[in-house]
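Report on the following structure.
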Protein chains: 2
Amino acid sequence: MRLPKLSKLELQIMEVLWDKGPTAIRDIQESFGPKGRPAYTTVQTMVYRLEGKKALRRARKIGNAHIFEAVISRDAAKARLVDEFLSLFGGRMQPVMAQLIEAGNLSPKDVSDAEKLLRELAARKKKDA
Amino acid sequence: MRLPKLSKLELQIMEVLWDKGPTAIRDIQESFGPKGRPAYTTVQTMVYRLEGKKALRRARKIGNAHIFEAVISRDAAKARLVDEFLSLFGGRMQPVMAQLIEAGNLSPKDVSDAEKLLRELAARKKKDA
DNA sequence: GCTAAGCTCTTACTGTTGTAGTAGGACGAT
DNA sequence: ATCGTCCTACTACAACAGTAAGAGCTTAGC
């Protein structure tokens, strides 16, 4: 299981580790806003499961509290997510782009950023070929 | 539940209805390739669940077999998917586009199609403003 | 040394997804 | 009318996700 599938809550927990580095469960839990935050033991369960999936590991102890750190990189996880998503669209990139672009949630800046990336990518591809 | 969440297999079943129009369970099942196709009753269960979610409905009967048709449109379902996906990226569009574009699975045609769409979108936005 | 606060572990329950078996009704061909 | 075939309706179950309570260990402060 080189790249385990991570659920939404699991991802949110990994985000904390990616942002803050090695972190205790209490700190992970508190980094969810005060309202609607899951119980301490809920976060704990998820952390334990992530440990089982080898997405994170116990790095050391402070007092009797374990400090956890990410094993999987953010990029790898995101790439996995993208793959999942693509597979829902039959693996074809074009309809995905179309759907995203049509979705209408793009700010003008998003559009220009995307265009810039696309131009760079086109240039890179031309050079490769 | 105006736009129920659809799982991967549920989506695949809806795809059949969107492609072929009203269809019987047997036909849905057979439209999964002969290898690795789920059992008839598996498809049946999923169809029943989709019925519960009001994603499809019984349109009529042929003999004793029910014919099912989509209630939810393909576009609505895809829009829902995109939203789900975006929420995993914190709802920010830009990193999603970046990830997709960087993912490297884009053919040159994908790129030019995307650029075209983006230009059209930019033009549309300018006119709206 | 005692006690409270905090952490760990264990256990458990709910809902969803994917999977499918089984019982029985309906229908078409003989 | 009978018999196999097909479909329906129901039931079941495992894995995973989200949720959390409870029991007990650790430790810091007094």
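In the text below, chain A, chain B and the rest are named by the order of the sequence lines, each starting its count at 1.
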With a cut-off of less than 4.0 Å, is there a side-chain N or O of [X] near OP1 or OP2 of [N]?
| X | N | value |
| --- | --- | --- |
| B:Arg26 | D:dC6 | no |
| B:Lys5 | C:dT17 | yes |
| A:Tyr40 | D:dA21 | no |
| B:Tyr48 | D:dA9 | yes |
| B:Thr42 | C:dG18 | no |
| A:Lys53 | D:dA17 | yes |
| B:Arg58 | D:dA9 | yes |

Do A:Arg74 and A:Asp19 meet the salt-bridge criterion of a basic N to acidic O distance under 4.0 Å?
yes

Does this structure show an ion pair linking A:Glu10 with A:Arg49, if we count only N-O contacts that are shorter than 4.0 Å?
no

Proximity to the side chain of B:His66 - top-ranked nucleotide from C:dT19, D:dA17, D:dA9
D:dA9

Nearest to side-chain heavy atoms of B:Asn64, which nucleotide of C:dA20, C:dA26, C:dT17
C:dA26

Based on the rotation axes of five pairs at each end, what angle does the helix from C:dG1-D:dC30 to C:dT30-D:dA1 bend through, to 10°?
0°

Partner residues of A:Leu88 under the side-chain contact (heavy atoms from CB on, under 4.5 Å) criterion, sequence neighbours left out
B:Lys8, B:Leu81

Pairs meeting criterion side-chain hydrogen bond (donor to acceptor under 3.5 Å, both in side chains) with involvement of residues 34-46 of chain A, two or more places apart:
A:Gln44-A:Tyr48

Taking C-beta and beyond as the side chain, do B:Phe68 and B:Asp27 meet within less than 4.5 Å on heavy atoms?
no

Side chain [X] and base [N] donor-acceptor under 3.5 Å:
| X | N | result |
| --- | --- | --- |
| B:Thr41 | C:dG21 | yes |
| A:Thr45 | D:dA17 | no |
| B:Gln44 | D:dA9 | yes |

Between A:Ala39 and A:Leu6, just flag the one whose closest nucleotide in DNA chain D comes earlier from the 5' side.
A:Leu6

How long is the gap from CG on A:Leu56 to NE2 on A:His66, to the nearest 0.5 Å?
12.5 Å

